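Have a look at the structure below before the remarks.
For clarity, every value in this text was computed on a predicted model and none was experimentally measured. Convention: sequence-line order gives letters A, B, ...; per-chain numbering from 1.
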Protein chains: 2
Amino acid sequence: MNDKKKISMAVIRRLPKYHRYLQELLDKGVMRISSKELSKIIGFTASQIRQDLNNFGGFGQQGYGYNVQELFLGIQEILALKQTYKTVIIGAGNMGQALANYPWNQTSGFEIQALFDINPKLVGLTIHGLHIYDIETLSDYIQENQINVAFICTPKERAQEIADILSKTSIQGIWNFSPIDLDGLDDIVVENVHLSDSLFVLSYLLNEDADEESERR
Amino acid sequence: MNDKKKISMAVIRRLPKYHRYLQELLDKGVMRISSKELSKIIGFTASQIRQDLNNFGGFGQQGYGYNVQELFLGIQEILALKQTYKTVIIGAGNMGQALANYPWNQTSGFEIQALFDINPKLVGLTIHGLHIYDIETLSDYIQENQINVAFICTPKERAQEIADILSKTSIQGIWNFSPIDLDGLDDIVVENVHLSDSLFVLSYLLNEDADEESERR
DNA sequence: TAGATTGTTAATCGATTAACAATC
DNA sequence: TAGATTGTTAATCGATTAACAATC
């Protein structure tokens, strides 16, 4: 019955890029595109594009290519961007507030309901229409309001305790901005944004280039 | 002469994680660790750990394992975290300010010198000791102050014009937070943080789980 | 020395690219 | 129909894992 082959993460992580470029083509009024043309603007090989899209069944048509709108909507559907997810942000510092002020719900289904913080100076405030609650009330709030997803934006010292709390709730997913790997979240989907990891890679690449230059001498 | 084999990005992107876990071990006072023990805590296979580290020459010692401090310092060196990079942040909105307030220079060499924005209400302000300049003056500022790196935190509509300006300066690297792929930066190292891409993957994964559940029924 | 564990080669696995028959 | 382009299989490439000789 379950004949759906598991899609590899390599493919999944390319989908948002397809989504972005197809959005752009759609905005430009482009009706159809071949894998070869798409390859030129998106930077994947035409072969890879056809392989990727075929994981999800026949979007294209021989001799014609892909209908831009159909493909765009298809990928939107695969990414489940029309699903809504009730979301809270934990940690109302700079990053938490930055995420709170971004209109995620314009392109995806993440609807931010509230923020939580441990700092008494922040608790009780309202930023951009979102209330900041005491972290003590997090667990109850999640259950009462059937929250699906949490964005973790606490300092790294607090992140694991938050994860421990969340693991005992019905939360389904976590977008983790703290610079650690959270443990004990077996049935919860976790997507990490390790900013300092990314910055360290930039640091490496900056230096790698310098090394190559000095080697050439 | 150039016998240095190119290290693959797959390896490079694991290095920050080694760095984090070794930092932790160091803080705990652990002196030595085998690939097998490290495997247990970091989640890579012992074989992969040995392969990864061997890309950079002999950190370990047969029968003993790895000296934690030596390995930590070695990876710090490979990531060039002691190098300093004079950095500006372009776009002083929520994300720009969040990045400005984070102490990146505690673990890496990125030293933030200034912010830039197009909004007259922000230009002239000082946040956490950092001045916000008019974006008109960006190019001159970079040359006069020998800036190495720019963090781009503008809305997506502005990002490519910023890239165009930067491409004509001596800037070496860009940490790009705008949700597009920047063009025309041939000799500049670009590290992207596509937050909405990451969120879309979370959306997919949340739904994938749901699909599997319904299949089981 | 015996035991442990690396460094490194070989085997496997998975992802990307190439090729081409199917078909619009 | 002829030309174009997909869907899909086969070939290649690269990354991960396994195995084991080297050696501390």
Inset, instruction - Just jot down the ring pair (Phe, Tyr, Trp, His ring centres under 6.0 Å) partners of B/Y141, sequence neighbours excluded, or say none. - result: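 B/Y141 satisfies ring pair (Phe, Tyr, Trp, His ring centres under 6.0 Å) with B/F116, B/Y133 only.
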
Legend entry - Contacts of type ring pair (Phe, Tyr, Trp, His ring centres under 6.0 Å), residue A/H19, not counting sequence neighbours: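 A/H19 satisfies ring pair (Phe, Tyr, Trp, His ring centres under 6.0 Å) with A/F72, B/F200 only.
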
Inset, instruction - If a pair satisfies side-chain hydrogen bond (donor to acceptor under 3.5 Å, both in side chains) and one of its residues is in residues 30-43 of chain B, list it, with sequence neighbours excluded. - result: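 Non-adjacent pairs meeting side-chain hydrogen bond (donor to acceptor under 3.5 Å, both in side chains): B/S34-B/E37, B/S35-B/R50.
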
Inset, instruction - Scan residues 69-97 of chain B for pairs that pass side-chain hydrogen bond (donor to acceptor under 3.5 Å, both in side chains), counting only residues two or more places apart or in two chains. - result: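 side-chain hydrogen bond (donor to acceptor under 3.5 Å, both in side chains) check on residues 69-97 of chain B returns A/N101-B/N94.
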
Legend entry - Strand-adjacent residues in residues 62-79 of chain B, judged by heavy atoms under 4.0 Å from DNA chain D: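 Heavy-atom cutoff 4.0 Å gives B/Q62, B/G63.
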
Legend entry - Near-strand residues of residues 24-51 of chain A, defined as heavy-atom separation under 4.0 angstrom from DNA chain D: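 Close to the strand are A/S34, A/S35, A/R50, A/Q51.
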
For a 4.5 angstrom cut-off between non-hydrogen side-chain atoms, does [X] reach [Y]?
{"X": "B/L81", "Y": "B/T107", "value": "no"}
{"X": "B/L138", "Y": "B/I142", "value": "yes"}
{"X": "B/I75", "Y": "B/L53", "value": "yes"}

Inset, instruction - Assign each of B/G57 and A/Q61 to its nearest nucleotide of DNA chain C by heavy atoms, then name whichever residue's nucleotide is nearer the 5' end. - result: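 Nearest-nucleotide comparison on DNA chain C picks B/G57.
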
If you look only at distance, which donor and acceptor atoms sit under 3.5 Å apart when one is on a side chain in residues 158-168 of chain B and the other is two or more places apart or in another chain?
from   : atom 1 : to     : atom 2 : distance (Å)
B/R158 : NH1    : B/E161 : OE1    : 3.2
B/R158 : NH1    : B/E161 : OE2    : 3.2
B/Q160 : OE1    : B/D183 : N      : 3.0
B/Q160 : NE2    : B/D164 : OD1    : 2.9
B/Q160 : NE2    : B/D183 : O      : 3.2
B/S167 : OG     : B/D164 : O      : 2.7

Legend entry - Set of salt bridge (charged side-chain N to carboxylate O under 4.0 Å, His left out) partners for A/D181, sequence neighbours left out: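 A/D181 satisfies salt bridge (charged side-chain N to carboxylate O under 4.0 Å, His left out) with B/K17, B/R20 only.
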
Inset, instruction - At the 4.0 Å heavy-atom cut-off to chain B, mark where contacts on DNA chain D begin and end, going 5' to 3'. - result: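 Nucleotide range in contact with chain B: D/dA15 to D/dC24.
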
Inset, instruction - Kindly express the pairing pattern of DNA chain D in dot-bracket notation, using | wherever a base pairs with another strand and counting only Watson-Crick or G-U pairs under 3.5 Å. - result: ..||||||||||||||||||||||

Inset, instruction - Would you check if the side chain of B/D117 reaches a backbone N or O of B/A92 as a donor-acceptor pair within less than 3.5 Å? - result: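 Pair found, side chain donor or acceptor close to backbone of B/A92.
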
Inset, instruction - Identify, with sequence neighbours excluded, every residue that meets side chain to side chain contact (heavy atoms under 4.5 Å, CB included) alongside A/V11. - result: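 Result, side chain to side chain contact (heavy atoms under 4.5 Å, CB included) vs A/V11: A/I7, A/S8, A/R14, A/D52, A/N55, A/F56.
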
Would you be so kind as to tabulate the donor-acceptor pairs closer than 3.5 Å made by side chains of residues 173-180 of chain A, with sequence neighbours excluded?
from   : atom 1 : to     : atom 2 : distance (Å)
A/W175 : NE1    : B/S198 : OG     : 2.9
A/N176 : OD1    : A/S178 : N      : 3.0
A/N176 : OD1    : A/S178 : OG     : 2.8
A/N176 : ND2    : A/S178 : O      : 3.3
A/N176 : ND2    : A/I180 : O      : 3.0
A/N176 : ND2    : A/N192 : OD1    : 2.8

